[in-house]
Amino acid sequence: MSVQEIIVALIVFLCVAEVIRRTLKFFRSPKNNENPCANCVGGCDLKRIMDEKKQNCGAIQKKNDEKCCG
């Protein structure tokens with residue numbers, strides 16, 4: 001084996017390792033406090049649902065604050 005073949009084999013190995021690492025990272029489930037949409041592609045439905053819930057919670061909290069303090 002020449003030096004050039006060794007270098008090419010090393011580059012191919014590193015590329016394959018990177019593809020495997022990114023694939024596993026994509027399918028890995030989020031841990032406790034991580035963003036569940038961190039691995040999602042652009043139009044993530046889960047992110048949209050979470051954003052809607054945040055908006056609803058904010059409106060509900062304001063409504064409850066007005067009731068208890070007024």
Residue Gln4 excluded, over 12 heavy atoms near CD under 6.0 Å:
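No, the 6.0 Å shell around CD holds no more than 12 heavy atoms from other groups.
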
Any chance you could pull the hydrophobic cluster mates of Val19, using side-chain heavy atoms under 4.5 angstrom and chaining through other members?
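Answer for Val19: none, a lone residue.
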
What residues, two or more places apart in sequence or in another chain, satisfy side-chain hydrogen bond (donor to acceptor under 3.5 Å, both in side chains) together with Glu18?
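side-chain hydrogen bond (donor to acceptor under 3.5 Å, both in side chains) list for Glu18, sorted by chain: Arg21, Arg22.
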
Please list, one pair per line, the donor and acceptor atoms closer than 3.5 Å that link side chains of residues 7-17 to other protein atoms, with sequence neighbours excluded.
none

